[in-house]
Amino acid sequence: MAVTSTSQPRPPAAVWRRPLSALASGGAPLISFAFVLGIWTIVSLLKIVPETIFPSPWSVWFATIEMWQNGTMPNDLRVSLGRAAIGFAIGASLGVLLGLMTGRVAIVRTLLNPFLNLLRPIPAIALVPVAIVWFGIGEGSKYFVVSYTVFLTVWFNTHHGMQYVPGTYLRAARSLGASKLREFVTVIIPAAAPHIFAGIRLGVALAFLSLIAAELSGASSGLGFRLQEARQYIRTDRMFSLLIILGILGATVDYVVHRIGQKLVHWEQGQ
Amino acid sequence: MSDQPNVGRVQIDDVVIRFATKQGEMTALDRTRLVLEPGTFTALIGPSGCGKSTLMNAIAGFVTPSEGRLSLDGTPITGPSNDVGVIFQQYALFPWFTALGNVRFGLKQLGLSKAEEIDRARAALDEVGLSAHADKYPQQLSGGMKQRVAIARTFVVGPKVLLMDEPFGALDAQTRISMHSLLMGVWQKHRATVLFVTHDVDEALLLADDVRVMSQAPGRMIRHYNLTEPRPRAFSRSGPNLLEIREEILGLLRPDEDLIAT
Ligand SMILES: Nc1ncnc2c1ncn2[C@@H]1O[C@H](COP(=O)(O)OP(=O)(O)O)[C@@H](O)[C@H]1O
Ligand SMILES: [Mg+2]
């Protein structure tokens, strides 16, 4: 994209659209946050809803400082991120591996695909009771729920990516004398890579979702546990703080994964 | 290799190709018998859907004929190999490799040192006038440049036969003319047996030693012209011969077009 934009004259329509689109890409998020924060402040100042039900921005801010200073927040972040990362790593690598296999090997596909497709609609939360029976309330059950959820999504996308490898690429590779292995590694996998990355990006989002689901109902640390604890003390200020942290965390990780994906599958841009 | 006149003989013996479709079996290529002599340039021309690509795919080893046999220098063709190079109309360059990477792809099997592999690939790109674009990705190249990379990539592995399926069909007229002289140059150096599918009669007459005309689907060979005019050819200085053949071929292709239009 950057290659062409410098040399080609801009069509007239784009001239007036430019400041708008610059706003949309750069400044707009901040404007949107400021807008929502403004409304939130006004609602809080007007005291329409009791503070315990709907906390004000400043009490959420102080709750954050408090949790940070008493050490629970740094610890919860560390624990939750660790669980999400380990669960994600297990699930994503298994998902890519099996997706490559079901995508290419007919017998594996026949044996596993119908079963895996049956598992896909089961929500992560529904697995938590089973996970607790199997792995207890410790780390094992968290890893299980997260990796399972991530696995299914990454598998599904990888498998589909393999189905859409253009036949021309395979024909070109074979008539250039490529071995099966080289064809697989340097043609099929790159051709499926955009789909694999789409699956991984979804998997990252689901890792957080399923982790919080697991932590809410069977944990003694982590952001999900802290949310549940805040409910017992009716500390909505802490809940809001934790929710906002979760949002920022998720968006940041998603952005980073997206950028890494863009670097790795650079050829997919603008197509 | 390029001096041996006897490699690259393609023999097509009574080949029929049928496909199973929802409406039952359909014949994509009717009984075809054809020999492509080593080092010759054959243009294949015929109405759309008559089976030109199907015949190419069979020679390339992508499609197994329902009847008859295909052989290259006496050996039956059982699947794709680097003896038979293919250039597709939809540029089949790998978008995740640079131009150089695409050319290196075919060299991998030779077990060269990395330096030599790169040297050879660069030389091949140089031959098609693209040394300056070696590190660009296909998306950054024009249609003509992509097809030149495809030509370099195919010739660098030294195929005995080169199949080109409407390779310049998507290019503008100007680019196409420069591609013709480029292809002639590279071909005269490497001397593969070429089968070139086109729907452009002029292109066929300017490039080929033999022009084969196919019938409406299910296609079979209906006419053969052997052209001896020296290259580079031009209609303006060819005398009456090329122009007469051109009218004849257009005549062969035209009546059916009228039928389709009504
Ligand atoms: N793999 C296939 N399966 C079914 N039908 C096919 C297949 N490949 C080609 N055909 C059919 O065979 C006929 C000839 O196709 P093709 O060789 O592509 O024609 P051409 O290249 O001369 O335009 C067409 O009717 C096409 O739809
Ligand atoms: Mg065709």
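Residue numbers start from 1 in every chain, and the chains themselves are labelled A, B, ... in the order their sequence lines are given, proteins ahead of strands.
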- Note on the structure: Nearest heavy-atom approach of H266(A) to P95(B) is CE1-O, 4.5 Å

- Message: Are there residues of residues 48-74 of chain B whose heavy atoms fall under 4.5 Å of chain A's heavy atoms? If so, which?
- Response: N57(B), F62(B), V63(B)

- Message: Take a 6.0 Å sphere around CD of Q174(B) and say whether it holds more than 12 heavy atoms from other residues, nucleotides or ligands.
- Response: no

- Message: Taking 4.5 Å as the heavy-atom cut-off, does anything in residues 110-136 of chain B contact chain A, and if so which residues?
- Response: none

- Message: With rounding to the nearest 0.5 angstrom, report the CG to OH distance, L93(B) to Y169(A).
- Response: 8.5 Å

- Verify, without hydrogens or angle tests, whether Q90(B) (side chain) and T168(A) (backbone) share a donor-acceptor contact under 3.5 angstrom. no

- Task: Search all heavy atoms of A172(A) against all heavy atoms of R153(B) and return the closest pair with its distance.
- Result: CB-NH2, 3.7 Å

- Query: Do R171(A) and V86(B) have side chains that get closer than 4.5 Å, going by heavy atoms?
  - Reply: no

- Query: Are there residues of residues 182-206 of chain A that reach to under 4.5 Å of chain B by heavy atoms, and which ones?
  - Reply: R182(A), T186(A), V187(A), P190(A), A191(A)

- Shortest non-hydrogen separation from P80(B) to S175(A) and the atoms involved: CB-N, 4.1 Å

- Could you tell me which of W96(B), F94(B), Y137(B) has the largest number of non-hydrogen atom pairs under 4.5 Å with chain A? W96(B)

- For chain B, find which of P166(A), G167(A), A173(A) contributes the most heavy-atom pairs closer than 4.5 angstrom. A173(A)

- Note on the structure: Residues of residues 147-162 of chain A with a heavy atom under 4.5 Å from any heavy atom of chain B, in residue-number order, are none

- Query: Of the listed residues (G85(B), G106(B), S81(B)), which shares the most heavy-atom pairs with chain A below a 4.5 Å separation?
  - Reply: S81(B)

- Task: Name the region of V84(B), side chain, backbone, both or neither, that has any atom closer than 4.5 Å to a heavy atom of chain A.
- Result: backbone

- Of all heavy-atom pairs between V157(B) and L176(A), which one has the smallest distance, and what is that distance? CG2-CD2, 4.3 Å

- Item | chain A contact via F105(B) - side chain, backbone, both or neither, heavy atoms under 4.5 Å | both

- Message: Less than 4.5 Å to any heavy atom of chain A: does that hold for the side chain of I87(B), its backbone, both, or neither?
- Response: neither

- Item | I125(A) atom CD1, neighbour heavy-atom count above 12 within 6.0 Å | no

- Above 12 or not: heavy atoms from other molecules or residues under 6.0 Å from CE of M101(A)? no

